[in-house]
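Letters A, B, ... are given to chains in the order of the sequence lines, protein chains preceding strands, and every chain is numbered from 1.
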2 protein chains.
Amino acid sequence: MSEKTTIYDIAKELNITAATVSRALNNNPKISQSTRTLVLETANKMNYKQNKLALALRSGKSNNVGVIVPRINTNFFASVIRGIEEALHPEGYQVIICQSHEDKTREIENINTLLNAQVDGILMSISNLPKENNHYLERIIQKNIPLIFFDRKKEMDNVSSVIIDDYQASYQITRHLIEQGCDKIAFLSGDRTLEIYEDRFRGYQQALTDHNIEINEAYIIPIKSNVVEGRDAVDKLLALENPPNAIYSTSDFAALGAIQKLKERNIKIPEDFCVFGFGNEPFTKFMELTISTVDQAPLEMGKITAQVFLDKINSVEIKKTGKTVVLMPKLFVRQSSTRIRE
Amino acid sequence: MSEKTTIYDIAKELNITAATVSRALNNNPKISQSTRTLVLETANKMNYKQNKLALALRSGKSNNVGVIVPRINTNFFASVIRGIEEALHPEGYQVIICQSHEDKTREIENINTLLNAQVDGILMSISNLPKENNHYLERIIQKNIPLIFFDRKKEMDNVSSVIIDDYQASYQITRHLIEQGCDKIAFLSGDRTLEIYEDRFRGYQQALTDHNIEINEAYIIPIKSNVVEGRDAVDKLLALENPPNAIYSTSDFAALGAIQKLKERNIKIPEDFCVFGFGNEPFTKFMELTISTVDQAPLEMGKITAQVFLDKINSVEIKKTGKTVVLMPKLFVRQSSTRIRE
DNA sequence: CTGTTAGCGCATTCAA
DNA sequence: TTGAATGCGCTAACAG
């Protein structure tokens, strides 16, 4: 009862050989219908379960896919993972999740662990790394294991990516703030060595330029994605001789912190100061003062990332090219940035 | 370069046999220091990586541990997983995460998937099941795979659990609300077929009884853990002839929804109505009106759950007993229930 | 201390 | 259509 039955067990039961059983179980055409049904029946009766490990050892495929994210506890990453799961689970893949915690060392460890686990592919959103060489990523490619980036990518040969149009989102946010009458817009941004943040910076920059607003370097503040950094940023900004009248934060958490601090300073939102976040975390909708933000279509991003992986793994020819799928983000303009109602 | 080197490759290189290489690599005492270092050096030089799959097939251990949670995107479960990871990763275990989405069918699928993946253990928080038999859980035990429950458990032989003292937490919450002057306390609860919710109900009940307050069945409303259900519950409660003046919700999300709706109805919190949540979701601290809640020590719970698993797997004797570790929850009394300041 | 052998469970090649 | 033999990479028992 507690013993697992193998194809040998059912072969013995039927006085045939394991090879035949294997063929019957795998829809191999070279087998008679009668033995096939017989095998299937007894396999079922004996509660046979294929040993995936043996299969993996033999085929070199594990049917495991690794996912590496900076952290699991944001709505964005949790939802992307959900999307990946939903697309991959029906295909028989098991998803293994690792968190890098924005730490390069940990990220390399994650990769090693996943490679050890013989994953068939790695889907990842890279961490806030300093400008580093790609050795540890190239190891994946050399092993012929598909690597797909989502959201946070790095430019690499033969690697596909699924991202949103950060530039567009950023341009639209900045334009929106300008249209609301804000002419001094601060930019709280994650590490710009990551493409997403650089792209957002470019969108911000271009929108200002297009509206004849000069960039003020003092308004550009590097932050990490948490509440405290948003609070601290406001302190810095309000200490300026010429403080801003709007904040565009690339993190909802920092946007929240900023709003808290502005309120503590008795600055009225949105009348005196507008705030725009990024990521559409659930709490942005919950607040008494709802927070404007951008939805990054995480569920869709996950599903498409999974699909890109499946396409790669299932294509007969070895694809040596990488493609980039770009999703369109969607702005949710809420109270924290709405002065003018249409 | 892209080929993986095996112990045979390095054996051939050194004109020894694979067994010797294996021994050298595994710190087997029966080997000379000289060959050991020689093997280690060349293994390193040839970039040898142990094939975990072969190891798993041979040893019957996969070094994978499965974690099943209702959902990944709440602070509580994400943090428990983080705790599990932190304890298990250093021991060489890889954590595979599955979401049951509170769905029984999905939960059974998860278990099958994990068993197929030959996990060495399953750590799970069970879903909101109707009173069901345990067949699908007993399959795990029969396979001799350690099963540990955390937070949401089911009474089973030979199965350990790590939980918080839900009864105590609930008693303290209810007592606190009474001390704040609330004498009509509604109870929004998850499915009481789950022990945690039944325990919380008992705590609520006992506190009322101890303070000579009669239970009002109309105040007890079953909910799911989301914002909308909290809003709807308030509608129901305020439609009563004798509406309550406090809500204790076993879900922070429902507590949030309740607060939203109460505000919309111009009911003052905490002056006219107190609200207490459960789970210490981050947003409870973020709100303009901060929400009283209970911290379930998720990180600690994860670490201990992992430790219980390690103890079980590493013990020489086959432990046929299950123990239950009970953690003490911590109340965070915030604005939503604070009338009296000390 | 080291070599030989065998088997974990499976799928595939070669014969029949 | 089926059987026999083989190997995926590793380690443990046994023998030397």
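- Distance from the side chain of A/A19 is smallest to D/dA5 among D/dC10, D/dA5, C/dT4.
- With C/dT2, C/dT12, D/dA4 as the candidates, the nucleotide lying closest to the side chain of B/T35 is C/dT2.
- Nearest-nucleotide positions on DNA chain D place B/L53 closer to the 5' end than the other of B/K30 and B/L53.
- Atom NZ of B/K12 is surrounded by 12 or fewer heavy atoms from other residues, nucleotides or ligands within 6.0 Å.
- Nearest to the side chain of B/L55, among D/dT11, C/dG9, C/dT12, sits D/dT11.
- Using a 4.0 Å heavy-atom criterion, one finds that B/N28 contacts no nucleic acid atom at all.
- Rounded to the nearest 0.5 angstrom, B/K30 NZ and B/R36 CZ are separated by 13.0 Å.
- The side chain of B/S32 sits closest to C/dT2 out of C/dG9, D/dG3, C/dT2.
- Looking at the side chain of A/S22, the nearest of the listed nucleotides C/dT12, D/dT11, D/dG9 is C/dT12.
- The side-chain hydrogen bond (donor to acceptor under 3.5 Å, both in side chains) search around B/T35 returns B/S32, not counting sequence neighbours.
- Residue B/R23 places its side chain closer to C/dG3 than to any other of D/dG3, C/dG3, D/dC10.
- Looking at B/R58, its side chain has no donor and acceptor atom pair within 3.5 Å of the base of C/dG9.
- Contact between the side-chain N/O atoms of A/N51 and the OP1/OP2 oxygens of C/dC10 is not found at any separation under 4.0 Å.
- For B/Q33, no side-chain nitrogen or oxygen approaches OP1 or OP2 of C/dC1 to under 4.0 Å.
- Residue B/Y8 places no side-chain atom within donor-acceptor reach of the base of D/dC8, judged by atom type and a 3.5 Å distance cut-off alone.
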